[in-house]
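I have placed the structure first, in the form of structure tokens, so that the comments after it can refer back to it.
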2 protein chains.
Amino acid sequence: METLLLTPNLLIIRKLENVLLLKDKEKQAIKDLSIKTITLHSDQDIMKAGDQPTQCCLVIDGFACAYKLTSEGKRQIISLYIPGDIPDLQSLHLPFLDINIASITPCILGFIEHDDLRNLCELHPRLSVALWRETLMSASITREWLLNNGQRPAYNRIAHLICELLVRLEAVGLATESTFDMPVTQAELADATGMTHIHMNRVLQALRTDGLISNNKNQITVPDWQKLKEAGEFDPLYLHLVPETAQD
Amino acid sequence: METLLLTPNLLIIRKLENVLLLKDKEKQAIKDLSIKTITLHSDQDIMKAGDQPTQCCLVIDGFACAYKLTSEGKRQIISLYIPGDIPDLQSLHLPFLDINIASITPCILGFIEHDDLRNLCELHPRLSVALWRETLMSASITREWLLNNGQRPAYNRIAHLICELLVRLEAVGLATESTFDMPVTQAELADATGMTHIHMNRVLQALRTDGLISNNKNQITVPDWQKLKEAGEFDPLYLHLVPETAQD
DNA sequence: CGGCCCCTTGATTCTGATCAATCAGAGTGG
DNA sequence: CCACTCTGATTGATCAGAATCAAGGGGCCG
């Protein structure tokens, strides 16, 4: 919680500018958005599947997640959200929420009225596109998770997830080149990768003894990015962060 | 291939009207879209990850899929596409494709220029929203697959997939209440559910002997929808096909 | 100090993978 | 019409990665 906090509105601007340079009046329109912030403890449900939200929520500080449950009570974490992410942006155009959204750590959240966002989209088509793109980027991450969880053995799977988190956190200034705060329990990581927390524990140990990661407390350090990347077969293309080769 | 074929343009209109009633001029705008159709054999790559497409492709007839590969050569099928689906709609706003798209069966595809679609979106904001929603619905299915593949044992997992296919095919008139053409090999189903084709074969046998499905040739029949639904823990909410309970 | 949450360890079990063939049907060419 | 081939479905035997069951251990908080 010692993040250098941007105002919620600036957080959104920075996020959208990752892929699209904004004009002044567009930035102003975002600055004018009314965002109501709240603070949550860890592990609190924010929205539930089936809900029909009338606002979108923005992660300002902390980690959040989307999850789904089977009737047997097994939980799959569908997405991890970090500051700048808008977990339920989809609810702007899908009336029913199909996921549960919850805080993982203590969180600061911002809420934006759908009506305000729809207004924004109508007045600023480029912003509409930028938001659309946000939902597409998030879908792309889900696709990569499907590959990762479906086809990679536990060891590589976890390596991949850590790679992703490092890159995403770096992109919002929450990680130095090799170290980042990761206050996510092993059980939660297990739910994200479709395995038991026991097995997660053992594999994390293996990653540690192999020198791919080291961690104390809630912090993960990556001593050898190259090695971790290889273990995770990590290719950041799917994050769509920067057009890597601007060939046109 | 004996589907009663709509023209590509009418296919899009029907698809979008699933969730949003279109105005006449909007329908006309879609009818005026220029769509170039091509025919493909089965198992042909249509687009590859890393591509920067300048058109979107529409499935007019046949089955297609999106897949990703690990460097070990394992394949995860990310999505199955049926007539009316637009596999790479995301490419409209994400410059690089992160998935491979291929035909599963012989296919008829339609191609629409990005420029035309962008034009359409600018002139008809409601169509823009409808297309946005399409990408969101597709993302929702991916999320459910992540849950399904990550948390359900093979038997229930396959049951779930068959439920989904039946409902989606019904929605486009390609399934009667209980029977549909499913020219997807067991190996492909295995790649979609993250298991071996051998195990897929055995589990399908189990489903058959339990009377949850029966199949001859490329056709699947569901004798007891209730039972299959229960086995798959299937709740169609995530398909966002119709607001089931219009409670507001 | 007790309770709780999270991490860790060990022993055992089992789902699903791997390895290795065989079989059946469709299309091809002689 | 039949041998030949290829793809997809099927079966059996064995193996392994990960789940399950069971139980400690350490740190934090009221």
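Quantities reported herein were computed from a predicted structural model and do not represent experimental measurements. Within every chain, numbering begins at 1; the chains are lettered A, B, ... in the order of the sequence lines, protein sequences first and strands thereafter.
Taking 4.0 Å as the cut-off between side-chain N and carboxylate O, B/D85 and B/R168 count as a salt-bridged pair.
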Chi angles and distances behind the side chain to side chain donor-acceptor pair (under 3.5 Å) call for A/Q44, A/S103: CA-CA 5 Å; A/Q44 293 206 278; A/S103 64; 5.4 Å; no
Pair A/L204-A/I158, side-chain contact (heavy atoms from CB on, under 4.5 Å): steps then yes or no: CA-CA 8 Å; A/L204 282 176; A/I158 298 170; 3.9 Å; yes
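Straight-line distance from the CG atom of A/L207 to the P atom of C/dT8: 12 Å, rounded to whole Å. To the nearest angstrom, P of C/dT15 lies 14 Å from CD1 of B/I158. Rounding to whole angstrom units, CG of residue B/N215 and P of D/dG8 are separated by 16 Å. When the P atom of C/dC7 is taken as reference, atom CD of A/Q205 falls 12 Å away, rounded to whole Å. Rounding to whole angstrom units, NE2 of residue B/H41 and P of C/dG27 are separated by 13 Å. Computed from coordinates, the B/D43 CG to D/dT7 P distance equals 10 Å when rounded to whole Å. The distance from atom CG of B/N156 to atom C1' of C/dG16 is 14 Å, rounded to the nearest whole Å. In this structure, B/N149 places its CG atom 15 Å from C1' of C/dT15, rounding to the nearest Å.
For B/N201 and D/dT10, the shortest distance from a side-chain N or O to OP1 or OP2 is below 4.0 Å. A sub-4.0 Å separation between OP1 or OP2 of D/dT7 and a side-chain N or O of B/Q186 is absent.
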Base-contact (B) and sugar-phosphate-only (S) positions in nucleotides 16-30 of chain D, heavy-atom cut-off under 4.0 Å, - elsewhere: --SSBBB--------
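Minimum interatomic distance between B/Q90 and A/L136 (heavy atoms only, all atoms of both residues): O-CD1, 3.7 Å. A/D88 and A/C57 get closest at one heavy-atom pair: OD1-N, 2.8 Å.
By the 30° and 60° cut-offs, the orientation of the rings of B/F234 relative to B/H160 is perpendicular.
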